[in-house]
Protein chains: 2
Amino acid sequence: MYSKELLKGTLSTIILNLLKVNGEMYGYEITQSVKLKSAGKIEIREGSLYPALHKMLADGLIKAREEQAGRRIRVYYSLTESGINSLETRKEELFGFLETLIQILNPSYPILPDAR
Amino acid sequence: MYSKELLKGTLSTIILNLLKVNGEMYGYEITQSVKLKSAGKIEIREGSLYPALHKMLADGLIKAREEQAGRRIRVYYSLTESGINSLETRKEELFGFLETLIQILNPSYPILPDAR
DNA sequence: AAATATACATAGATAAACGATGTATATTAA
DNA sequence: TTAATATACATCGTTTATCTATGTATATTT
């Protein structure tokens with residue numbers, strides 16, 4: 001597991017990107033997806049995930065739909081128009097930052113291509 | 001300027017790396033160096049820098065040497081043995097995280113080489 | 001002479017992610 | 001069958017990194 005500090009500032013971007021790729025996901029599914037895709041090296045805690053989802057919902061970046069799964073309720077989230085735009089902006093900023101960071105830390109590293 | 005949240009978790013690593021590359025630097029010099037190398041896109045605030053330096057000093061990662069510059073005092077910092085090791089560990093963790101992050105955000109991106 | 005740059009410092013604010021805790025249903029293992 | 005674990009949601013308070021604001025003082029440029 002990586003230091004939790006590294007995740008700061010990128011968690012919402014990760015969530016938005018997953019929603020874009022998969023169209024619709026529920027909370028628990030997001031945590032499992034990140035865990036799987038990162039080979040266990042990034043784990044989004046529920047104490048981080050749900051507040052983040054609620055904030056993005058309040059900010060109009062995502063929308064929610066409740067679905068009955070057996071006797072339990074699942075809340076499916078998907079991107080709004082605003083969320084799609086926000087994701088693009090965030091990814092551009094993030095990749096720009098990473099490019100700069102890598103340049104400072106190790107100038108011999110190859111530069112990342114544009115976020116597209 | 002990038003979101004300050006993105007810098008969280010990487011600031012100390014940036015400082016340690018600069019000290020390794022340049023051998024010895026004073027605080028103000030570090031802020032200017034980062035500003036220059038990042039083309040103004042990353043600016044370390046003095047309210048972030050000095051507490052970070054003081055913490056790393058207390059943690060034994062860096063050592064300090066005061067030098068009189070005219071009538072003013074400059075505090076030059078350099079890495080300790082512990083700091084050299086810490087930097088290597090941090091860089092490995094950081095580049096590992098970045099690799100995972102990029103993979104999650106955009107699997108088509110090229111993978112970064114090992115941090116060496 | 002005034003404005004800006006250099007050079008240090010610290011106290012309090014902000015905000016993101018987390019740990020702990022709680023509730024409840026579903027599934028797997030003992 | 002029952003105990004343990006996994007699924008699925010939620011919230012409160014804690015932690016901690018960075019920043020804003022503020023302060024002091026010297027040096028340089030306008």
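Computed over heavy atoms, backbone and side chain alike; hydrogens, waters and symmetry mates excluded.
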Answer yes or no: is there a donor N or O on one side and an acceptor on the other, between the side chain of B:Tyr2 and the main chain of A:Gly96, under 3.5 Å?
-> yes
For the pair B:Lys91 (side chain) and B:Asn17 (backbone), establish whether a donor and an acceptor sit closer than 3.5 Å, ignoring hydrogens and angles.
->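 Not at all, since once roles are kept as given, no pair shorter than 3.5 Å links the two residues.
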Tell me which of B:Thr10 and A:Val75 sits closer to the 5' end of DNA chain D, going by the nucleotide each one is nearest to.
-> A:Val75
Whole-Å gap separating [atom2] ([N]) and [atom1] ([X]):
X       : N      : atom1 : atom2 : result
B:Leu53 : D:dC19 : CG    : P     : 13 Å
A:Leu6  : D:dT15 : CG    : P     : 21 Å
A:Gln32 : D:dC9  : CD    : P     : 11 Å
A:Lys8  : D:dT16 : NZ    : P     : 9 Å
B:Met56 : D:dA17 : CE    : C1'   : 12 Å
A:Leu7  : D:dA17 : CG    : C1'   : 14 Å
B:Arg45 : C:dA13 : CZ    : C1'   : 16 Å
B:Lys35 : C:dA7  : NZ    : C1'   : 15 Å

When rounded to the nearest 0.5 angstrom, what distance separates OG in B:Ser33 from CD1 in A:Ile104?
-> 7.5 Å
Within the pair [X] and [N], is there a side-chain N or O less than 4.0 Å away from OP1 or OP2?
X       : N      : value
A:Tyr26 : D:dC9  : no
B:Ser48 : D:dA17 : no
B:His54 : C:dT10 : yes

Is the number of heavy atoms from other residues, nucleotides or ligands under 6.0 Å of B:Gln68 CD greater than 12?
->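 Correct, the count exceeds 12.
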If the sugar-phosphate is the primed atoms plus P, OP1 and OP2 and the base is the rest, what is the B/S/- string for nucleotides 21-30 of chain D, using protein heavy atoms under 4.0 Å?
-> -----BS---
Out of C:dC18, C:dC8, D:dT11, whichever nucleotide has its closest atom nearest the side chain of A:Tyr50 = D:dT11
Out of C:dA7, D:dA17, D:dA8, which nucleotide sits closest to the side chain of A:Glu5?
-> D:dA17
So what does A:Leu49 hit on the nucleic acid, given a heavy-atom distance under 4.0 Å: a base, only sugar-phosphate, or nothing?
->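 Since no nucleic acid heavy atom lies under 4.0 Å of A:Leu49, the category is nothing.
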Which is true for B:Lys4 with a 4.0 Å heavy-atom rule: it touches a base, it touches only sugar-phosphate, or it touches nothing?
->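 Sugar-phosphate contact only.
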Does the distance from a Lys or Arg side-chain N to an Asp or Glu carboxylate O, for B:Arg65 and B:Glu24, drop under 4.0 Å?
->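 Yes.
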If you take all heavy atoms of B:Leu57 and B:Ile62, which pair is closest and at what distance?
-> CD1-O, 3.2 Å
Applying side chain to side chain donor-acceptor pair (under 3.5 Å), name anything that partners A:Lys55, two or more places apart in sequence or on another chain.
->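 In terms of side chain to side chain donor-acceptor pair (under 3.5 Å), with neighbours along the sequence ignored, A:Lys55 is linked to A:Asp59.
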